Structures are given as structure tokens and as C-alpha cells.
Amino acid sequence: MSDTSASAVAFVRTESVPASAPPSNAAGPVKWVKDNLFAGVGNSILTVLAILAIYMVLSKSMPWILNGVWDAPSLSACREILNGETGACFAVLSERWNQLLFGFKYPAELYWRPATAFVLLFVAAAPVLFFDLPRKLLIFTGLYPFLAFWLIWGGPIFYPLIALIGLIVAYKVFVAFEKNNFTMALGLGALSAIVIWYLSGFVGENSALLALSLEAVPSRDLGGFMLNMMLGVTCVSLSLPLGIALALGRQSSMPFIRYICVIFIEFIRGVPLITLLFVASVMLSYFFPPGSGVDLFIRVVIMITMFSSAYIAEVIRGGLAALPKGQYEAADSLGLDYPQAMRLIILPQALKISIPGIVNVAVGLFKDTTLVSVISMFDMIGMIRGPIVASTDWNGIYWELFGFAALLFFVVCYGISQYSQWLERRLATDHR
Amino acid sequence: MAEVAKMQVSDEVAISIRNMNKWYGTFHVLRDIDLTVHQGERIVVCGPSGSGKSTLIRCINALEEHQQGSIEVDGTLLSSDLKNIDKIRSEVGMCFQHFNLFPHLSILENLTLAPIWVRKTPKKEAEELAMHYLEKVKIPDQANKFPGQLSGGQQQRVAIARSLCMQPRIMLFDEPTSALDPEMIKEVLDTMIELAEDGMTMICVTHEMGFARQVANRVIFMDEGQIVEQNEPEEFFNNPQSPRTQLFLSQILGH
């Protein structure tokens with residue numbers, strides 16, 4: 001004990017000392033800057049270099065962007081307006097806006113149809129992406145593919161309606177028999193759908209429903225970013241279930257199924273997508289019955305779906321392998337059969353583990369839809385390289401167009417990536 | 001607790017294993033196993049590691065396949081027929097060393113899943129059943145948490161409750177306390193003792209010899225895939241016959 005305390009007077013504090021603000025070197029912006037930008041000599045040099053690099057990029061690009069011309073009929077007119085000054089010719093975007101989005105053949109008076117389909121896409125996707133929303137909304141999600149098909153392609157409502165009715169009947173049959181036997185229910189469901197579609201061939205020709213019809217637009221008239229979105233959305237939503245089936249098939253104890261899946265996956269992964277697309281555009285018609293003339297769009301969807309489902313299958317196989325064996329055993333020991341164990345126990349966990357990989361494939365797939373420009377489909381890139389740049393008005397303009405395409409793809413892909421991160425956080429129930 | 005051991009065992013045969021053999025590749029894991037378990041009997045299986053005790057009870061609900069001999073559970077012959085396997089699995093509950101709860105489902109969902117999907121119990125009834133068994137294992141307040149939020153002992157009790165929700169006639173325990181901290185072992189053993197008092201047919205692979213003394217009416221000692229010795233607990237612990245059993249007991253009770 002020091003003599004200070006010995007000599008100290010008895011003391012009781014009756015009120016607490018008020019908290020004082022920390023000094024500027026302990027918190028606040030000054031501390032942040034010191035810690036993160038100028039923590040040492042090396043750090044300070046890097047900071048200065050980075051600021052210099054950012055300045056150099058912005059000093060060139062900002063005048064170009066800010067001084068951009070948004071209204072001009074052609075590149076030469078645009079250059080006249082600029083009069084030698086630096087500036088972008090964004091006029092190409094405003095002038096060819098509709099072509100970039102819808103392609104150059106889609107009838108202009110019908111643009112409202114794909115636009116409606118695009119807006120409704122968000123309504124349809126919402127309950128799938130955000131499962132806290134009421135489950136009743138899924139009914140619209142189920143109707144959406146048929147509605148979107150009808151809006152975009154037009155034609156009599158009879159065909160999408162019959163396709164829908166066939167699937168509804170198949171689903172009802174499946175549910176009715178599901179509790180007895182999963183495989184049998186699946187088979188009976190498929191059979192009943194085929195019967196419905198076959199029968200509709202007889203009534204179809206003279207049906208009054210054929211009268212209720214939108215103006216038909218053939219597939220070859222689709223184009224622009226709309227085509228990328230259509231291919232992306234269709235192929236992602238088809239390749240996910242196919243990928244799951246392939247991943248499970250690859251683990252099957254039945255050698256026949258296992259080998260089919262292994263051969264399919266290894267073959268598709270071993271072939272470049274562009275090769276498959278050429279097969280789709282040139283050779284695939286040999287495999288269909290003569291004269292059936294399966295639409296190029298469908299052929300491309302089949303090829304891209306097969307391609308990405310092989311990759312998704314491998315991603316999901318990784319997720320399945322990451323699950324402890326005990327999960328399979330616990331499901332077995334409770335008496336769950338194989339489809340139940342997969343659907344309720346194994347896949348929910350395996351898919352959660354696979355989210356980053358699946359999103360990786362989905363983003364890649366969406367960007368790969370631009371490859372269809374090589375087989376002379378006029379998607380966004382096809383439009384830029386073809387009708388727009390090749391026109392006399394806009395010959396020689398690149399930065400503005402490809403920059404815009406890059407921005408559009410970035411927005412969509414970044415959105416997908418942000419969603420997947422939210423999903424991972426939302427599904428984190430294991431509290432590891 | 002001595003009353004537990006004296007409780008009446010019925011003559012009805014619950015499990016009958018005849019001449020069962022199993023190989024992993026060329027390795028002969030189980031050799032000529034003969035075992036009859038009566039309804040209401042509580043059997044503890046012990047033995048050194050690698051002696052095949054876990055494999056034995058995993059064969060009873062077909063988590064492992066046996067290659068020779070026969071296993072009959074409640075009169076149903078275990079064969080490669082999936083119908084029989086599913087029937088047996090829904091009659092036989094199992095608890096694992098690592099609990100194997102479903103981490104993506106809440107405790108309540110863990111418990112109601114099998115009754116709803118296998119027994120086709122309506123959801124409301126299944127939930128009442130689940131709450132009943134959660135109360136029985138004394139953690140009804142954890143119903144809406146996820147497995148990852150519970151302690152090991154609580155998780156194992158949930159796992160026991162999950163099996164009980166299928167209202168099994170037989171319970172298998174595969175080293176249920178081996179992965180637990182010492183202070184949590186007691187809460188799990190207490191749950192198992194209660195279960196035994198209710199007359200459940202139980203086969204436990206465990207190294208808890210106190211539990212064996214208190215609850216079992218038969219202790220089975222296995223070594224190298226064979227049943228070396230079986231006897232009532234008093235006799236087994238005080239007067240082991242084979243030298244292998246004597247060595248084992250001296251090692252695990254020696255300290």
C-alpha cells in the first residue's frame with residue numbers, strides 16, 4: 001500500500017464520470033485513413049499510386065462520358081456535333097435502343113408483348129427466389145412459362161393451353177400415386193400428359209380456341225438482349241433439375257443408369273459449347289424425324305441446357321460428397337425411402353452447399369448465351385456486330401455499344417451473385 | 001434401480017439372428033452370430049474396438065448387409081426385399097454416436113419428419129407426438145431451435161426422441177455417449193434408463209459399464225467378430241469366464 005491511499009480521505013463517488021469522446025487518433029475518419037491508407041511507407045506509396053491510377057482512368061473517361069452525344073442520326077452527324085472534342089456517341093444507343101433490346105425483325109408494334117413478359121418474369125421468379133413470400137404465388141410461377149411463350153411468340157392460345165393442361169393432369173396423377181410409389185407415379189404422370197397431348201391433336205384443328213390468338217412471330221425474328229434473357233432464364237431453369245437428376249444418377253447403385261450419366265457428363269464436358277451450338281444449328285435436324293423442323297431456338301436451348309446441366313451435375317456431386325454419411329444413415333434408419341430421403345434430407349443440404357458453384361455455372365451460362373451470335377442468331381452481341389456496326393450510319397463505333405452490352409450483362413450477373421449471397425445467409429441454419 | 005433389471009421379459013421373440021456372417025471384401029467381420037432377443041429385453045454389447053459390435057447392430061436395421069445366415073425382426077425376415085427393409089426400419093429406432101440430426105431442420109421438424117412421411121400421420125398429430133417425446137427427454141423448450149444451437153447431450157436426447165416418434169418396438173444404440181463431454185453423459189444415460197423402465201427392447205453398444213450393471217439383463221462380449229461370452233451383468237462382471245473377457249474387463253475397470 002502506498003502512502004497515497006493511506007493518507008487518502010474516505011471517498012464515495014455519487015455520480016459516474018460522463019463518457020468522453022475518444023481522441024481523434026482512436027476512432028473516426030482520421031484513424032481510418034491512418035490505419036488503412038497511410039499505415040506505413042509501403043502502404044502510403046501504394047495509396048498514392050492507386051489514387052494516381054484512378055485519376056488517370058477517370059480523367060480520360062469522364063469527359064468522354066459526360067460530353068457524350070445522345071441525339072444524332074449517325075456517327076458522322078455525331079462527330080460534327082462534337083466538333084473535334086472528346087466525347088462518346090451514345091446516340092447509337094438511343095437510336096438503336098429497340099434493336100439492341102428486341103432485335104431488328106421483331107415487329108415494333110408488338111414490343112409491348114416481350115416487355116410485359118419481362119416484367120411478369122420478376123413476379124413469377126419472386127416466390128421461387130424469396131421463399132418467405134406466400135406459397136400461393138407459385139401458381140403464377142407455374143403459369144408463367146406458358147404465358148410468356150404466348151406473349152413472345154404469339155399464335156393461338158390453344159397450344160400453350162394444351163401443354164399446360166397436359167402438365168397439370170400429369171401433376172395431379174403424380175400426386176395421387178406419389179404416396180404409393182414414387183417411380184410409378186412419375187411414369188403414370190408422364191403417360192397421362194402424353195395421352196392428353198395426343199388427343200388434343202384430334203380436337204385441335206377445328207377448335208374455337210384457335211381463334212383466340214395473338215399475331216404470331218417466328219423464332220428467327222427474335223433478337224437482342226431479349227434473346228439473351230430468354231435463353232438464360234430457360235436454360236438455367238431447365239438445367240438445374242436435369243443437373244440434379246444427373247448428379248443423383250451418377251451415384252446410383254444401378255450400373256446402367258450410372259454409366260449413362262457418367263458418359264453424358266464426361267462427353268458434354270469434353271466438348272466446347274460452340275461445337276454443340278454448331279451441332280444445334282446445322283446437324284441436330286438429322287436426329288429429328290424428317291420434316292419436323294424443330295425450331296432453332298429450341299435446338300439451341302437443348303444444347304445449352306445439356307452443356308450447363310453437366311457442369312451443374314458435377315457441382316451438386318461435390319455437395320452430395322460433402323454431406324456426412326450419417327445423414328444418409330439417419331434417413332435410412334427412420335424408414336424414409338430413397339426419393340423421400342433425397343428430397344427431404346440430402347438434396348436440401350447438398351444444394352445449399354452447392355449454391356456458390358451453381359451460381360457460378362448460371363452466371364457463366366448467361367454470358368455464354370452471347371455465343372449464339374456465331375451461329376447467326378441476332379442476340380445482343382449479334383445485333384451489335386451485325387446490323388448496327390455494319391450499317392452505313394454507325395460503321396466504326398465500338399466502345400459505346402460494347403460498353404453498354406458489358407454494363408447490361410454486369411447488372412444481371414451482379415444481381416444474381418448478390419442474390420446468391422443473400423440466399424446463403426438466409427439458409428445458414430447450422431450455426432457452425 | 002435394481003427393479004429395472006428384474007423387470008419381466010416376455011417370451012415373445014423380438015430379434016432372432018441365426019448363423020449370421022458378414023464380410024467387408026475379404027475381411028470376415030462377423031462370424032457365426034447367433035442371438036435371440038426377447039421383447040422387453042435390454043442387452044448391452046461391449047468389446048474392444050474393431051470387434052464388430054457396431055456392425056452387428058447396424059445389420060439389424062440393414063444399414064449394413066449380411067452375406068450369410070438370417071435375421072428376423074418381429075417376424076419379418078430381413079432380405080434384399082426393400083419392402084421388408086423399410087418395414088423393419090420403421091419398427092426399429094436407432095441412435096448414432098454422432099447424433100446425425102438433420103441440421104437444416106428445426107428440432108420439431110426433425111421429430112415430425114418421419115411420422116409425417118413414413119407413417120402418414122397428419123401434421124398436427126405428429127407435432128403433438130413430437131412435443132410429448134420432447135417432454136419425455138426434458139427439452140420441450142428447444143423445439144424451435146436448430147440442432148447446431150444445442151449441446152451435445154441435448155442433441156443426443158433429441159435424436160432419441162426422434163427415434164421414439166416412430167414408436168418403435170426395438171431401439172438400437174450405437175455408442176450413444178462416446179462423442180459427449182463427461183458431464184453430458186449422465187443426462188443421456190438417464191434418458192436411456194427411463195426408456196428401459198418403460199419396457200423398451202434395447203440393444204446398446206456402449207462402454208458405460210455402470211449403465212450395463214444397472215439396466216441390462218444380459219451383457220454380450222464380442223471379440224474378432226464373434227460373441228465370446230454372454231451372461232447376466234452380475235455374473236459377467238464378477239465372474240467372467242473367458243480369458244479375453246477377463247483381460248478386457250481388467251483394462252476398462254482397472255482405473
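Below, read A as the first sequence line, B as the second, and so on, with proteins coming before strands; counting in each chain starts at 1. Bear in mind the structure is a predicted one, so any value in this text is a computation, not a measurement.
At least one side-chain heavy atom of D86(B) sits less than 4.5 Å from a side-chain heavy atom of D337(A). Side chains of M94(B) and E329(A) form no contact here, defined as non-hydrogen atoms less than 4.5 Å apart.
For F256(A), the CZ atom counts as loosely surrounded, since its 6.0 Å shell holds 12 or fewer non-hydrogen atoms of other residues, nucleotides or ligands. In this structure, F140(A) places its CZ atom where more than 12 heavy-atom neighbours from other residues, nucleotides or ligands lie under 6.0 Å away.
H104(B) places no side-chain N or O within donor-acceptor distance of the main-chain N or O of L427(A), the cut-off being under 3.5 Å. Looking only at distances, a side-chain donor or acceptor of N100(B) sits under 3.5 Å from a matching main-chain atom of G326(A).
For a residue to count as touching a neighbouring chain, one of its non-hydrogen atoms must lie under 4.5 Å from one of that chain's; by this rule L101(B) touches chain A with the backbone only. For a residue to count as touching a neighbouring chain, one of its non-hydrogen atoms must lie under 4.5 Å from one of that chain's; by this rule Q340(A) touches chain B with the side chain only. Interface remark: F102(B) contributes backbone and side-chain atoms alike to the contact with chain A (heavy atom separation under 4.5 Å). With a 4.5 angstrom heavy-atom cutoff, K87(B) does not touch chain A via any of its atoms.
Contact record, G335(A) with R89(B): CA-CB, 3.9 Å, taken as the closest heavy-atom pair. Shown here for A330(A) and F96(B), the closest heavy-atom pair between the two residues is CA-CE1, 3.9 Å. L336(A) and V118(B) make their closest contact through CD2-CG2, 3.5 Å (heavy atoms, listed as atom of the first residue, atom of the second, distance). Between L113(B) and I345(A), the closest heavy-atom pair is CD2-CD1, 3.5 Å.
Rounding to the nearest 0.5 Å gives a distance of 6.0 Å between CG of L334(A) and OG of S163(B). Here the OG atom belonging to S333(A) is positioned 6.5 Å from the CZ atom belonging to R162(B), to the nearest 0.5 angstrom.
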